[in-house]
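Structure first, commentary second.
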Amino acid sequence: MTTQDFIQIILYFTLLIGLTPILGNFMFKVFTGEKHFLLPVFGRLERWTYSFSGINPEEESNWKSYTIHLLLFNLTGFIFLFLIQIFQAQMPLNPANLPNVSWHSAFNTSVSFMTNTNWQGYAGETTLSYFVQMIGLTVQNFVSAATGIAVLLALVRGLSRKSTDQLGSFWTDLTRSTLYVLLPLSILFSVVLVGQGVVQNFKTYETVQTVQGATQVIPQGPAASQIAIKQIGTNGGGYFNANSAHPFENPTPLSNFLEMLMILLIPAALTYTYGKMVGSTRQGWTIFTAMLILLLIGLSISLYAEYSSNAIFGKLPLMEGKETRFGITNSILWSTTTTAASNGSVNAMHDSLSPLAGMVAMINLMLGEVIFGGVGAGLYGMVIFVILTVFIAGLMVGRTPEYLGKKIQKFEVQMAIIAVLAPNLVILLFAALASVTAPGLTGLNNAGPHGLSEILYAYSSAAGNNGSAFAGLNANTVFYNLTLGAGMLIGRFGIIVPVLAIAGSMAKKNITPTSAGTFHTDNWLFLGLLIAVILIVGGLTHFPALSLGPISEHLLMNKGITF
Amino acid sequence: MSAKQNISLFNKKLALQAIKDSFTKLNPALLIKNPVIFIVAVGSLLTTIVVITGIFQGNYSSFNLNIAIWLWFTVLFANFSEAIAEGRGKAQAESLRKNRTQTIARKMEGRQEIAINATELKKGDIVVCEAGDVIPSDGEVIEGIASVDESAITGESAPVIRESGGDRSAVTGGTKVISDRVLIRITSEPGNTFIDRMISLVEGAKRQKTPNEIALSILISGLTIVFLLAVATLPAFFSYSLAASGLPGTQNLTLPVLIALLVCLIPTTIGGLLSAIGISGMDRLLQRNVIATSGRAIEAAGDVDVLLLDKTGTITLGNRMATNFVPAEGVTVEELADAAQFSSLSDETPEGRSIVILAKEQFNIRGREVYQLNATFIPFTAQSRMSGVDYTSEDGTVHVIRKGSSEAIRSFVQNNNGFYSQKIQEVVSELARQGATPLVVAEDKRVLGVIHLKDIVKGGIKQRFAELRKMGIRTVMITGDNSLTAAAIAAEAGVDDFMAEATPEDKLHRIREEQANGHLVGMIGDGTNDAPALAQADIGIAMNTGTQAAREAGNMVDLDSNPTKLIEVVEVGKQLLMTRGALTTFSIANDVAKYFAIIPAIAISLYSGKNGVGPLSVLNIMHLGSPQSAILSAVIFNAIIIVMLIPLALKGVRYKPISANAALTRNLLIFGLGGILAPFLGIKLIDLLINL
């Protein structure tokens, strides 16, 4: 690694840490209804939204109603997206005359964008029209991220309120996070991207002659606006198939740096918002630090794996599958952050990462997408681990475990277990199914342990609502479209519903004031414990499979055997 | 036989019974209550079937047999831990019950007396007990007064008075009347007396799981499902890998190996010991002579963060003590002390004795030969409100010394034409204001001075409160004294807060207020008027000497009637929760090493090429002898760790009054780090032994 590499990494994390309290504080104001500078600009839009949809923004609901509102909203989005895909040919804004999408691919894509996963079994430019991309996908990019924030807000209210069953209004949370956070940031960022050279137009695809005399079709379209929200909303669904490795999506080193920063920006800032909302920024920073440490551990292992010599290439860098424009460090920083944050956009092919770097990416997914994670989703997933940690370790101080003064009892443990179980169920069961059945195995491009990694990665990506892929897998088949679609649904709502249930149950409880007998959740000791619990629970669950996949591959590679 | 006896950890008789019970507990209907151990039992059964069918098919495998045997041991060890805990608890409770079941009750039917078996008594029945009778069941004295020997339950040999009305009316089944005759109304249904309830709390079969225990069972069951998934999907990944390595699918993992892996991973240690921990918590409470009426109570005790403590008896010794002599003008302090001591020589009250002792300690004034002085002692009466002594001095004059309340002495002196000075009155009011009791001493018509009688704070109590504070528990002193007095004693005892001039309603109100603010409140009480507060408190400990109403309202009964017991109960509760947390952490931490033993063992052939040793063998960091011995060692370690931890489960982790953070750090080092390292050592050792 060169000095520039180190400087860039340090700059990246300094900016991330610096922006966290600024954006976090702003979001705190937005979500608690305090005055902020965007109110004069968008305030009227918010009121219009409410009066147009007949919503009383003051009307709060209990956890069950909140959940029903959320599910209905997502279901509506899913049905709409499904329909416009299977009737794409009859819809406007289709200059490339793309045909209707197959039912299973439309199902998979609709689920994928509704769940903030953005798994793409199709190639964007050759499958979907401008209409579907804009009215369908981009809209879901906003509202799926806003849904994640809404769940988090309900959870925070459950933790900070007492003796009530009201968790706030899903509609208000959805509107505010879209209008004041996601939309302004996206507008700002797409303008910056256009400035860097990202395309944003409605032109038909251009056919050009290459230098060597071949003809090439160059796709066009409204890319910048979708790329902005795909990075900001931890969506990751690229406009083009090559995602952010494509020069139209990611043209310059600056655009690359900013796109990477946007991956973690909101998930990181939400930890600060969380801290402020529960009444102690230390609580937020503790979670932030735990996430940061886990991220840095993964990053270090990946960089080590990529830069150390191996039996096949010696000291030569492993550039296959990576953009020469970005080089190793930028590819690895991206692969680590995008898998940690449940974003899933890529600027290098994860399939081509060295086995250990690929494993780190996979572990990021398998740990439940809690290392910053998806917008809102990462943090509420992390709170589930916090609850488990508090429960196990809290007993050791001799009291019924409590978090933020709320006792953790049977119901919370039950729900937390369901939330942990749901994604792991998807990963293990579906991956096992795919690795022994013909429809699963026919999708593989590689043999040996690497093939197993491809399968594991796909289902981990679906379960974690990440959306990135070990691209070696041809997943646009009925089998993969359906199983991955089911995996995304379970991975999303199998966590959201238990989290909201916990929020509802916590809101009813009284808050025990802190004393010397209280188990503290805002110090280094707890931080270490939290990291240990995440690694041990995740590690113990997936170690057998990982050892047969990437670990075997790494060991074999060092003996000079590849697949 | 008293409940107080300490049963040694592995009493031979108990151990034999427990071994027997370990087998009867193999009954699936009982096993299913513990999902983790149930899964182990199912695994053992399946492995046994594999071994047996193997024999019939002519491919007997000693490896499979060993696995099967050790899996059964795992189940038996878990059963044994529960059985031994139950046995210890039962042994203590049984001796209490024995007394009562053989008792014949003399039930009153109208004016007639009929003899029936004590176990047939119902709530509301009235029985008569005379000297020599054993009281047949819990009840309340409704007529008469008697002295009762309660040594059967308290171990205290001195008989106690039980009488109708007032705060000493409750009697406990199994205790014995030694004098007089009382009518008792039975207050508990058959089979539902305190002792019955206590027994049911330690008997595994009838035992209700407590809330935290349920939550923890859910957690470990959830982990079990996770590991079940991980193990159940392994053959699929394995079959893929076999195909990729060019090996035949017949080399896939066998059922015994998969079961061995599963059993090693699921939290069998905590799963096996969980009920033993709960039962022994009850048991420890019983050893302290406290009977809990529900398991929930002992858990809540660990959570209590506010203690309401009565001043008298808990914080202060019950009686006031002389601490100081304040002489009147023109009187030396020695003269005052001498007169005070002389007047108190035959005063047997604690106050009187404390005056004698104080005079002796401060001025070395000794008791004198009383008869030489022709002294006549005048005892305290409610009418005179004074006590003292009349004596004849050497010159033959009769002198009269009196001590008593300031009003009484004032009229005594003035009747003798003496002078009661303003100065004395000031001293008296000053002492009263400080919360002390001033006792004025006069000889004939002269006031000698004032004895300062004061509440004495119990030795060591201040340190105890400091410990509680470290644990995050706030203490509130309850007293009927005025606020000045209360403040003075509160400061001296080091309590955090006090309630002066507290009525029972005030107590109840205070408890509700604390609870509304999220606190859990513990209190101890005895009187009928304490009952509402005892019922409201999260932990209400009724003293055994108290009324039946109080005993019904509280969720624990302290047989020793020692108000300081509340603090010990809190400690037992905390220790119980700590033990659960520590063993859960240990159990999960153990898994790391087991993976390093088993994964390389099962995956050794994959991608191995010619020499048969695949790349994953580098994970065999313990350098275990062979794949089979590695798996077997992990299973054996997993089984015997349960037995090795039984003493810890029964005794509880060592408890120290330290802050939450300090306790956590300590337990994490021992059980977290220890839990990761111990199996590496253990498995390696077992493997060395197997390969000898």
Side-chain angles (χ1 to χ4, degrees), chain A residues 162 388 391-400 405 407-410 412-414 417 420-421 424-425 428-429 431-433 435-436 441 447-449 451-452 510-513 515-520 523 525 529 532 536-537 540-545 547-549 551-552 555-556 559 561 563, chain B residues 211-212 214-216 218-219 222 225-227 229-230 233-234 236-241 244 265 299 302-303 305 469-474 516-520 573-575 577-578 580-582 584-585 588-589 591-592 595 599 603 606-607 615-616 618-619 659-661 663-665 667-668 671:
Chain A
K162 60 176 187 181
L388 286 181
F391 185 77
I392 298 170
L395 280 175
M396 282 193 282
V397 308
R399 280 213 332 208
T400 301
K407 290 214 179 316
I408 295 176
Q409 287 156 319
K410 181 186 147 192
E412 290 76 34
V413 173
Q414 217 163 12
I417 285 287
V420 169
L421 212 53
N424 286 321
L425 189 91
L428 289 169
L429 281 186
L433 187 68
S435 57
V436 289
L441 293 170
L452 188 61
N510 206 339
I511 294 177
T512 311
S515 69
T518 308
F519 174 68
H520 286 277
N523 53 21
L525 184 62
L529 259 174
I536 287 184
V537 170
L540 291 179
T541 314
H542 298 290
F543 186 72
S547 64
L548 297 177
I551 295 177
S552 283
L555 296 168
L556 288 166
K559 291 183 170 180
I561 306 166
F563 295 88
Chain B
N212 174 265
I214 293 173
L216 187 55
I218 290 174
L219 178 83
I225 298 175
V226 170
F227 290 126
L229 269 174
T233 52
L234 197 53
F237 300 134
F238 214 77
S239 117
Y240 172 92
S241 306
L265 292 180
E299 254 171 30
D303 288 351
D305 59 353
R469 199 168 304 118
K470 253 193 244 166
M471 290 153 51
I473 297 173
R474 201 152 47 84
N517 289 328
H519 294 287
L520 262 78
K574 283 195 176 296
Q575 200 188 21
L577 294 172
M578 276 186 187
R580 280 196 197 132
T584 307
T585 308
I588 298 171
D591 281 2
V592 176
Y595 262 137
I599 294 290
L606 295 177
Y607 308 108
L616 284 174
V618 295
L619 293 180
S659 75
N661 263 339
L664 180 64
T665 315
N667 287 326
L668 267 182
F671 297 99

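A note on names: the letters A, B, ... follow the listed sequences, proteins ahead of strands, and every chain is numbered from 1. Reckoned from all heavy atoms, side chains included, excluding hydrogens, waters and symmetry mates.
Most heavy-atom pairs under 4.5 Å with chain B, from the set Pro513(A), Gly405(A), Gly451(A): that is Pro513(A). With respect to chain A, the highest number of heavy-atom pairs below 4.5 Å among Arg469(B), His519(B), Arg580(B), Glu299(B) belongs to His519(B). The residue among Gly573(B), Gly518(B), Ser241(B), Ala516(B) with the most heavy atom pairs within less than 4.5 Å of chain A is Gly518(B). Chain B forms more heavy-atom pairs under 4.5 Å with one residue of Pro449(A), Ala393(A), Gly394(A) than with any other, namely Pro449(A). Options Ile551(A), Val537(A), Leu452(A) differ in how many heavy-atom pairs under 4.5 Å they form with chain B, and the most are formed by Leu452(A). Considering only heavy-atom pairs separated by less than 4.5 Å from chain A, the leading option among Leu229(B), Asn661(B), Leu577(B), Ile588(B) is Leu577(B). The candidate from Val226(B), Thr584(B), Ile473(B), Leu265(B) with the greatest count of non-hydrogen atom pairs under 4.5 Å with chain A is Val226(B). Ranked by heavy-atom pairs shorter than 4.5 Å toward chain A, the options Pro615(B), Ala603(B), Ala244(B) are led by Pro615(B). When each of Leu425(A), Ile511(A), Asn424(A), Leu556(A) is checked for heavy-atom pairs under 4.5 Å with chain B, Leu556(A) comes out on top.
For Leu433(A), no part lies near chain B; criterion is any non-hydrogen pair under 4.5 Å. Heavy atoms of Gln409(A) lying under 4.5 Å from chain B belong exclusively to its backbone. Interface remark: Leu429(A) contributes backbone and side-chain atoms alike to the contact with chain B (heavy atom separation under 4.5 Å). Residue contact with chain A, scored on non-hydrogen atoms closer than 4.5 Å, involves the backbone and the side chain of Leu616(B) alike. Contact annotation for Ile536(A): only side-chain heavy atoms (C-beta onward) come within less than 4.5 Å of a heavy atom of chain B. Contacts between Ser659(B) and chain A at a heavy-atom distance below 4.5 Å involve backbone atoms as well as side-chain atoms. Residue Ala589(B): no heavy atom, backbone or side chain, is found under 4.5 Å from chain A. For a residue to count as touching a neighbouring chain, one of its non-hydrogen atoms must lie under 4.5 Å from one of that chain's; by this rule Ala431(A) touches chain B with backbone and side chain alike. For chain A, the nearby part of Phe227(B) is the side chain; its heavy atoms alone come within less than 4.5 Å. With a threshold of 4.5 angstrom between heavy atoms, Leu441(A) approaches chain B through side-chain atoms but not through N, CA, C or O. With a 4.5 angstrom heavy-atom cutoff, Ile417(A) touches chain B only via side-chain atoms. Looking at Thr518(A), the atoms closer than 4.5 Å to chain B (heavy atoms on both sides) all sit in the backbone: N, CA, C or O. With a 4.5 angstrom heavy-atom cutoff, Leu520(B) touches chain A only via side-chain atoms. In this structure, chain A has a heavy atom under 4.5 Å from the side chain of Leu606(B), while its backbone stays farther away. With a threshold of 4.5 angstrom between heavy atoms, Asn667(B) approaches chain A through its backbone and through its side chain.
Looking only at distances, no side-chain donor or acceptor of Tyr595(B) sits under 3.5 Å from a matching main-chain atom of Pro544(A).
The CG atom of Asp305(B) lies 6.5 Å from the OG1 atom of Thr512(A); values are rounded to the nearest 0.5 Å. Separating the CG atom in Leu219(B) from the CD1 atom in Ile392(A) is a distance of 5.0 Å, to the nearest 0.5 Å.
Nearest heavy atom pair, residue Gly472(B) against residue Ser515(A), reads O-OG, 3.2 Å. In terms of heavy atoms, Leu421(A) sits closest to Gly222(B) at CD1-O, 4.2 Å. Here the closest heavy-atom approach between residue Leu619(B) and residue Phe543(A) is recorded as CD1-CZ, 3.9 Å. Thr585(B) and Met396(A) make their closest contact through OG1-CE, 3.2 Å (heavy atoms, listed as atom of the first residue, atom of the second, distance). In terms of heavy atoms, Tyr240(B) sits closest to Gly448(A) at OH-O, 2.8 Å. Shortest non-hydrogen contact noted between Ala215(B) and Val413(A) is O-CG1, 3.5 Å.
Residues Asn212(B) and Phe391(A) meet the side-chain proximity criterion, which asks for heavy atoms closer than 4.5 Å. Considering only heavy atoms from C-beta on, Leu548(A) comes within 4.5 Å of Leu234(B) through its side chain.
Considering only residues two or more places apart in sequence or on other chains, Ile214(B) meets the side chain to side chain contact (heavy atoms under 4.5 Å, CB included) condition with Lys410(A), Lys209(B), Ile218(B).
A side-chain donor from one of Thr400(A) and Asp303(B) sits under 3.5 Å from a side-chain acceptor of the other.
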